[in-house]
Amino acid sequence: MLSKYRVYRYDRLNSPAVTAGSAAVLIGAQSGLFPDMGYAVPGEMGGLWAGERKVCDGFFLAIDDVPLRSADACEANPVSTAFHYRMQQEGLHIVRRQTIPDGVAGCVVELTVENLRDAPRLVEISFTVRTDILTVAAARGEDGLELGRDVGEYDERTQAFYARDSRNPWHAVWGADSRSRVLQSDLPASVYGFGNTQGKGINGRLFYRLRVGARSQASMKLFIAGGFPSRSQAEDALALLRERADALIAEKTARLGALMEESEASLPDPLLARCFNWTKIYSDWLTRTLPRGGCALCEDLPEHPAPFGQDWARAISALLPLGGAQRAQEMLRTLVRASEEAQLAPGRLAMRMTPGGRVTRVGSLRESAQFVALVHRTLLWSGDAAFAQEMLPETGLCISYLRRGTRGFSDVGEDLAQDIRRALEGQAYILRLTGADDAACRRELALLPPEREETLPEGAPPETAARWHGQRGHVEQMLGCLTQMAGAGLPGLPGALRGRDAEPGSLLCARAAADFVWPMTEDLFGLRPDAGAKTITLAPHTPIGWDGWALDNVKIGTARVSVRSERVSPSQARYTLTMSEPGYTLIVHEGGEERRMPLDGEISLLLGD
């Protein structure tokens, strides 16, 4: 299943490569190297990160005394990143595959050696980790902590290297699987064949031998973990990886396989299809489990790995049509809990937190309005009345805060008008879903100035133009804008969208996915559900030149929906919608009239563009 999402790169291998999990992320280049990169701490944002703590600048391998300097090909897939090395003179083909298991503050590196000769051989492997243990705050002098030089030692009992920052209780560990015994260890002044990266790290090198049969393959696993407050926890992490690495990778593969089946798009345009489907992976890579419980999207990688951050509501909303309504609900719960623990004023919410969960920036009227609107949008996809009841106290506080800040909605600036309107509409929906009276919200909505007709500014960025054209049914122009967005992503990382406002060094931006996902969902596939009312409004389009498309396994409430398009004439297409549960109503608008029909099983409609 996941093999069809593999992407191979053979050129521009100096482009970034990202391998991520819920507790760690590894950032380097598609060449397999770890150059100094990034801006938040200049040159220090690459390497292995575990939460808010950096573990190492990278790791480096040599085979039979030949450094693996640059890969011949890079393979990206939803679970791992692999680097292929052709060692033709030595008669070897090497594959280095790195994976971050779910919930583990570490990395698994599987090294596969293929012997191309007719005789068996022993291959010597050197594995060097270049530490650089720090936090961004400490490196920038923002939290009163001073970084020390890293110190480390090899432990014969556990067959592993251990390192720590000399001034702070931050520990790292690296070693190999239990089958692989260390032949020798040392602390070289520089990484053999590579030199040193910047920083205060050490180089811990381990040597192994691997027996490889004639014309056959052999493999071993290497592990790096860190960010731990004690050495004993580092030992426990290494023991876990040694014991359960295969099972952890299998569990992640199964989970991501199921994720890729959610809202799976099949399109005539492979670039758009790949971009839409890979947004699910990048959202998963940007999701972090927080130490105090709950989860959140981090703002971007690697510059701002903090939870929530700029435009967090837009970022979370992109999860909804991709099968992530339950995850979005958990993120909203996390935000409310963190805001309460920080004792923020009623109705005000956290805007940015540290990876450890401390609130560092508080939102204003806009963020409170966007919170209510996002709860509403989440309910349209989940239909979860219990969640609406759970959120009602906080959305009520947000509306009260908005009321105070705008003099009873009589002083709403033009820049806030749309957000305030969406918040009041959302609160009215939440009240109705919970059985409460929404009359007050409707009266306050009437006080707002009428919505102004939006115009498309000259030179608008493609994400703005895509939304504007999509809302007006200009589907071909919308696709042109989306194609620009997809093509501007990072080479080798399909769907790695970045908005025009992305800061230098940002590789994956959480908020950018929404600008791609929503026009595709609402204005191409034409899906606008109301799971609470059990209705689906369908207004799809089939672009000129397309024979059709499909969107399968979309989660709406507890049901599964699939929509397929088949062109029957230059101006018409047949749309077949399949529903897994009875009781829904399909709404279609034709010629200015609304048609409602029961949606039980499958229904086919001939619609014009």
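One is the number of the first residue; the rest follow in order along the sequence.
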Indicate the atoms forming the closest heavy-atom contact of [X] with [Y], along with that distance.
| X | Y | value |
| --- | --- | --- |
| Arg404 | Pro346 | NH2-O, 3.4 Å |
| Arg348 | Ser368 | CA-OG, 3.9 Å |
| Ala313 | Gln370 | CB-CB, 3.8 Å |

>> Check this for me: does any side-chain nitrogen of one of Arg511 and Glu463 sit under 4.0 Å from a carboxylate oxygen of the other?
In response: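 Answer for the salt bridge query: no.
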
>> Between Glu75 and Arg6, does any NZ, NE, NH1 or NH2 come within less than 4.0 Å of an OD or OE carboxylate oxygen?
In response: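 Answer for the salt bridge query: yes.
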
> Is Asn203 reaching over with its side chain to a backbone N or O of Val129, donor-acceptor style, under 3.5 angstrom?
Replying inline: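 No; zero donor-acceptor contacts below 3.5 Å.
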
> Sequence neighbours excluded, which residues qualify as side-chain hydrogen bond (donor to acceptor under 3.5 Å, both in side chains) partners of Ser364?
Replying inline: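 Here the qualifying residues are Glu367.
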
[atom1]-[atom2] distance between [X] and [Y], expressed to the nearest 0.5 angstrom:
| X | Y | atom1 | atom2 | value |
| --- | --- | --- | --- | --- |
| Leu147 | Lys54 | CG | NZ | 11.0 Å |
| Met260 | Glu262 | CE | CD | 11.0 Å |
| Ile202 | Ile133 | CD1 | CD1 | 7.0 Å |

Could you verify whether a donor N or O on one side chain and an acceptor N or O on the other, from [X] and [Y], lie under 3.5 Å apart?
| X | Y | answer |
| --- | --- | --- |
| Gln233 | Ser230 | yes |
| Asp186 | Gln184 | no |
| Thr19 | Thr81 | yes |
| Thr287 | Asp284 | no |
| Gln159 | Glu156 | yes |
| Gln329 | Arg327 | no |
| Asn196 | Ser190 | no |

> Mind checking whether Phe59 and Phe34 have ring centres under 6.0 Å apart?
Replying inline: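 Centroid separation for Phe59 and Phe34: below 6.0 Å.
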
>> Name the residue from Asp246, Thr99, Asp177 that meets the side-chain hydrogen bond (donor to acceptor under 3.5 Å, both in side chains) definition with Lys221.
In response: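 Between Lys221 and the candidates, side-chain hydrogen bond (donor to acceptor under 3.5 Å, both in side chains) is satisfied uniquely by Asp246.
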
